[in-house]
Amino acid sequence: MSRRRPPSHPADAHELLGKLGELTARALEHAERQRARVELAMALQRELLPAALPSLPGLRTAARYAPARHGLDIGGDWYDGFRLPDGTLGLTIGDVQGHDVEAAVFMGQVRIGLRALATAASDPGEVLARTNELLLSLPDGLFATCCFLRFDPATRELSVARAGHVPAVWAAADGRSGIEDTEDAVGVGLPLGIEPGEVYPVTRRRLSGTEAVVLVTDGVVEGPAFSLDTGLEHVLRLVRAGVGAEPEELAGRVLEVADLTGHQDDAAVLVLCHGGP
């Protein structure tokens, strides 16, 4: 004996169609709002990043940025470069926790804060420490990894402080090369915006001859297909091979590593070339 589903009452069908229509309208409204947020985050990211970086005699700079492959993940990575009143050059690269409009706005706050505080403190560690306290006073509750560099053209000294950021990669024409020690807890402080009173150690070295220093955000070197160490080794090989190249060319080569990692995040590259052509 076969059982037949009892016929639906026309009123029930009408009610069901009405609910489906409401759900569809809500979904479309949500998708439209999300699309607008993504477009706003992309516009903020584009406007907040500098169109060009300054250079000094003996030091040429370049940077590249690639947005996240998934639109919802855009926002947060940055790079910057600016001349300071004492004639030195300040450079930063960093990555804000999170994505979307809030991350892009917070990125702008961090970048502006670093610029302002760098004019009052010449030591990169002090600049990061003051920026950390500033961010802790904001209501956002976000944090950021960051690397601040200061180059003095008179002494050719490059001083660097890191706040939980990916280590720098460097190579010289004489065959020397390396990656900053990721295991040395003394060499890197916590990300900005986490703990008050954090201290940021500074490493200093004098650039000589033809040398390239490359900094990246984790979207370049870490993803489903690569560990951080593997990604950094890929970058190191590129920097060794391209130590005498133009900074724009080297930055483009390094950014291509992001395509190998399978990342979904933003990706940014900052290149400093000393000597050379």
Side-chain angles (χ1 to χ4, degrees), residues 38 41-42 45 49 61-80 91-100 103-104 107 142-149 160-172 175-185 187-192 194 203 211-243 245-273:
V38 170
M42 292 178 68
Q45 190 83 8
L49 292 177
T61 61
R64 294 287 294 273
Y65 167 81
R69 294 181 180 180
H70 192 293
L72 299 180
D73 291 335
I74 196 168
D77 285 21
W78 87 87
Y79 58 83
D80 197 10
L91 296 141
T92 66
I93 187 169
D95 184 2
V96 171
Q97 166 237 2
H99 304 287
D100 205 354
M107 176 268 284
L142 297 177
F143 63 85
T145 67
C146 174
C147 184
F148 183 87
L149 306 91
V160 183
R162 286 194 293 142
H165 197 71
V166 179
V169 177
W170 64 276
R176 295 175 298 118
S177 64
I179 300 171
E180 286 186 11
D181 189 3
T182 57
E183 301 300 325
D184 183 4
V188 56
L190 289 174
L192 303 174
I194 291 185
T203 59
E211 187 168 346
V213 179
V214 175
L215 295 105
V216 301
T217 56
D218 58 5
V220 177
V221 291
E222 190 174 23
F226 272 1
S227 67
L228 175 63
D229 290 341
T230 301
L232 286 171
E233 287 295 335
H234 268 71
V235 172
L236 179 58
R237 287 195 289 271
L238 289 172
V239 178
R240 284 171 178 161
V243 66
E246 288 295 328
E248 293 83 2
E249 180 183 352
L250 183 55
R253 292 179 193 172
V254 171
L255 189 62
E256 291 176 356
V257 175
D259 295 330
L260 305 175
T261 66
H263 79 102
Q264 299 294 322
D265 203 356
D266 290 14
V269 177
L270 176 64
V271 174
L272 290 69
C273 290

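- In terms of heavy-atom proximity, Ala258 sits nearest to Ala267 at CB-CB, 4.2 Å.
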**OP:** Could you walk me through whether His165 and Ile93 pass side chain to side chain contact (heavy atoms under 4.5 Å, CB included), step by step?
**Re:** CA-CA 9 Å; His165 197 71; Ile93 187 169; 3.9 Å; yes
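- Of the N and O atoms on the side chains of Ser177 and Trp170, not one donor lies less than 3.5 Å from an acceptor on the other residue.
- How far SG of Cys146 is from CE of Met107: 12.0 Å, rounded to the nearest 0.5 Å.
- Of all heavy-atom pairs between Val243 and Ala171, the closest is CG2-O, 3.2 Å.
- To the nearest 0.5 Å, atoms CG (Asp218) and CG (Asp95) are separated by 5.0 Å.
- Of all the heavy atoms in Gln97 and Leu142, the pair that sits closest is OE1-CD2, 3.2 Å.
- Side chains of Val166 and Val221 form a contact here, defined as non-hydrogen atoms less than 4.5 Å apart.
- With a 4.5 Å cut-off on side-chain heavy atoms, Val254 and Val216 count as touching.
- With sequence neighbours excluded, the residues satisfying side chain to side chain donor-acceptor pair (under 3.5 Å) with Glu249 are Arg253.
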**OP:** Walk me through it: do Phe148 and Val160 pass the test side chain to side chain contact (heavy atoms under 4.5 Å, CB included)?
**Re:** CA-CA 6 Å; Phe148 183 87; Val160 183; over 6 Å; no
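- In terms of the side chain to side chain donor-acceptor pair (under 3.5 Å) criterion, Thr203 has no residue partners (sequence neighbours excluded).
- Checked against salt bridge (charged side-chain N to carboxylate O under 4.0 Å, His left out), Arg176 has the following partners two or more places apart in sequence or in another chain: Asp174.
- Contacts of Pro191 classified as side-chain contact (heavy atoms from CB on, under 4.5 Å), with partners at least two apart in sequence or in another chain: Phe143, Thr145, Ile194.
- Summarising the geometry, atom CD belonging to Glu222 is positioned 9.0 Å from atom OG1 belonging to Thr261; distances are rounded to the nearest 0.5 Å.
- In this view, Arg64 satisfies the side chain to side chain donor-acceptor pair (under 3.5 Å) rule with no residue, not counting sequence neighbours.
- Between Ile179 and Pro167, some side-chain heavy-atom pair lies under the 4.5 Å cut-off.
- Separating the SG atom in Cys147 from the CG atom in Leu215 is a distance of 4.5 Å, to the nearest 0.5 Å.
- With no hydrogens or angles considered, no side-chain donor-acceptor pair links Asp77 and Tyr65 at under 3.5 Å.
- Taken from NE2 in His234 to CG in Asp229, the straight-line distance is 13.0 Å, to the nearest 0.5 Å.
- Put simply, the side chain of Val269 reaches to within 4.5 Å of the side chain of Val220, judged on heavy atoms.
- Atoms OH and CG, from Tyr79 and Leu49 in turn, are 5.0 Å apart once rounded to the nearest 0.5 Å.
- Contact detail for Ala268 and Thr217: the closest heavy-atom pair is N-OG1, 2.9 Å.
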**OP:** Verify side chain to side chain contact (heavy atoms under 4.5 Å, CB included) between Leu91 and Thr61, making sure each step is shown before the conclusion.
**Re:** CA-CA 9 Å; Leu91 296 141; Thr61 61; 4.2 Å; yes
Original post:
Given the rule in the side chain to side chain contact (heavy atoms under 4.5 Å, CB included) test, do Val271 and Val213 qualify, once you have shown the distances and angles that lead to the verdict?
Top reply: CA-CA 6 Å; Val271 174; Val213 179; over 6 Å; no
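- For Leu238, the side-chain contact (heavy atoms from CB on, under 4.5 Å) partners at least two apart in sequence or on another chain are Val257.
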